Structure formats: C-alpha cells, structure tokens
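Note that the structure is predicted; figures quoted are calculated from it, not measured. Note that ligands are numbered from 1 as they come in the structure, with each ligand's atoms numbered from 1 the same way. Note: hydrogens, waters and symmetry copies are ignored here, and every other heavy atom, side chains too, is used.
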Amino acid sequence: MNIILLGPPGAGKGTQAQKLVETRNMVQLSTGDMLRAARTSGTEMGKKVAAIMDAGELVTDEIVIGLIDEQLDGEAGGGFIFDGFPRTLPQADALGALLASKGETLDAVIELQVDDAELVKRIVGRAADAVAAGGTARADDNEESLKVRLMEYYKKTSPLLGYYYAKGELTSVDGLASMDEVEASIVGVLDA
Ligand code: AMP
C-alpha cells in the first residue's frame with residue numbers, strides 16, 4: 001500500500017509518517033530529509049540546493065524526482081509513504097509514471113487540513129522546541145522563509161488537491177485534531 005501525505009509545511013506529515021513506519025512497517029520517503037542529508041554529507045547536489053532550501057523555495061523537479069526514483073527500488077516494507085513529495089504537478093505525473101513502471105499503485109492521497117494561523121504557530125513552536133532541547137532549529141523554520149514556503153505551497157502544491165480529487169484518490173482529514181486522532185483518521189482511510 002503506497003500513500004501520499006499532502007499538506008502545507010507544519011501540517012504534521014512527518015509526525016504521522018513516523019507513526020505509520022512504527023505501526024505498519026511502512027517506509028517513509030521524505031524528499032526534505034533526503035535533501036537535508038545531502039547537505040550534511042556535502043554532496044555537489046547538497047551544496048546546490050542549500051540556499052534554495054533556506055529561502056523556503058522549492059528545488060527543481062528533476063532533483064527530487066531523481067531522489068524518489070532511486071528509493072523506489074529499495075526496501076518497500078509495508079509500502080511507501082510519500083512525505084513532502086510530490087509538490088508540483090510535474091512531480092505528481094512523474095510519480096504516477098514511476099510507480100506504474102515498477103508495477104506499483106498509488107492507494108491513497110491523504111490531505112492533512114490545517115489553517116494558516118495554526119501552521120505559523122506550529123512552525124515557530126517547532127523551532128523553539130528544537131532550541132530548548134539543546135539543538136538548533138531547521139534553517140528554514142523562521143518566519144521569513146515560512147512565508148515563502150507557504151506561498152510555494154499555495155502556488156505550486158495546492159493544485160495537487162484538485163488533481164488527486166479528480167482522479168478519485170483524495171481523502172482529507174482534520175489535521176488540527178490531536179496527534180492520536182489524526183493517526184486514527186489516517187488508519188481509517190488505509191483500512192477502508
Ligand atoms: P520539507 O522537510 O518537506 O519541509 O522540505 C524542506 C525543503 O526541501 C523545502 O522547503 C524545499 O526547499 C525542499 N523540498 C523538499 N521536498 C521537495 C519537493 N518535493 N520539491 C521541491 N523541493 C522540495
């Protein structure tokens with residue numbers, strides 16, 4: 001069972017993906033995590049995307065489609081969770097084609113619905129929590145790049161809601177409910 005978690009930055013995609021990894025042995029494919037890993041290990045690609053990520057803009061479709069393509073041949077466990085991918089219509093088309101070429105299907109697209117004011121609070125909170133825990137906040141968890149990230153979401157990613165709705169694949173859940181309630185809603189969709 002392969003699913004997409006869709007929603008703006010801060011909607012809880014990563015948190016919910018982690019739960020599905022633990023409870024259903026699914027494999028989380030987060031392009032954001034892959035890009036951050038590329039930066040940490042200092043690859044050419046990592047260097048190329050650093051400034052774009054810190055500004056909150058999207059990196060090119062080519063880069064993220066390549067990252068996903070590499071992972072699809074790996075261990076699939078209970079299925080893939082696409083977290084933070086696709087984020088543009090060309091990425092959505094590419095994912096469909098990649099899955100089809102490997103004899104795989106896309107079984108659900110789950111939107112985590114959250115309102116904007118709540119998102120800003122969550123992301124600012126996430127940055128503060130990281131610092132309080134003795135770590136450092138993500139470089140793009142600040143209000144400046146958050147505005148850009150939200151705008152990128154509305155301009156480039158939100159059209160995917162219509163795209164998957166029209167394909168009959170979209171289910172929306174209330175992302176503002178408690179973490180456990182959101183998890184229960186997602187499990188309900190997967191077991192339907
Ligand atoms: P995330 O951790 O999903 O919020 O991603 C962090 C950053 O990585 C984004 O703000 C983008 O700069 C980049 N990124 C992650 N996934 C994608 C994607 N599918 N397409 C383009 N850029 C992405």
Taking side chain as C-beta onward, heavy atoms only, is Q16 less than 4.5 Å from I81?
no
Just distances here: any N/O of F85 and N/O of ligand 1 closer than 3.5 Å?
no
At less than 4.0 angstrom from any non-hydrogen atom of Q91, what atoms of ligand 1 do you find?
18 (C), 19 (N), 20 (N), 21 (C)
Would you name the heavy atoms of G14 and D83 that are closest together and state the gap between them?
CA-OD2, 3.5 Å
For atom 14 (N) of ligand 1, which candidate among L95, L35, L146 provides the closest heavy atom?
L35
Donor on one side chain, acceptor on other, S178 and D180, under 3.5 Å
no
Distance-minimising heavy-atom pair for Y153 and P9:
CB-CD, 4.2 Å
By number and element, which atoms of ligand 1 are closer than 4.0 Å to a non-hydrogen atom of E57?
11 (C), 12 (O)
Please list the nearest protein heavy atom to atom 15 (C) of ligand 1 with its residue and the distance rounded to 0.1 Å.
R87 NH1, 3.4 Å
Of all protein heavy atoms, the one nearest atom 7 (C) of ligand 1 is M53 CE, 3.9 Å
Mind checking the CE-CG spacing from M53 to L35? Nearest 0.5 Å is all I need.
5.0 Å
May I ask you to list the atoms of ligand 1 that are less than 4.0 angstrom from any heavy atom of T31?
15 (C), 16 (N), 17 (C), 18 (C), 19 (N)
Taking heavy atoms and a distance under 4.0 Å, where does E152 meet ligand 1: side chain, backbone, both or neither?
neither
Give the atoms of ligand 1, by number and element, whose distance to some non-hydrogen atom of L58 is under 4.0 Å.
21 (C), 22 (N)
Membership question, hydrophobic clusters at under 4.5 Å side-chain separation (ILVMFWY): are L161 and L89 in the same one?
yes
Examine ligand 1 and decide if any of its atoms is less than 4.0 Å from a heavy atom belonging to R36.
yes
Any ion pair linking D69 and K102 (charged N to carboxylate O, less than 4.0 Å)?
yes
Please compare D61, V59, D83, T60 and report which has the shortest non-hydrogen distance to atom 22 (N) of ligand 1.
V59
Can you tell if the side chain of F85 reaches within under 4.5 Å of the side chain of L95, non-hydrogen atoms only?
yes
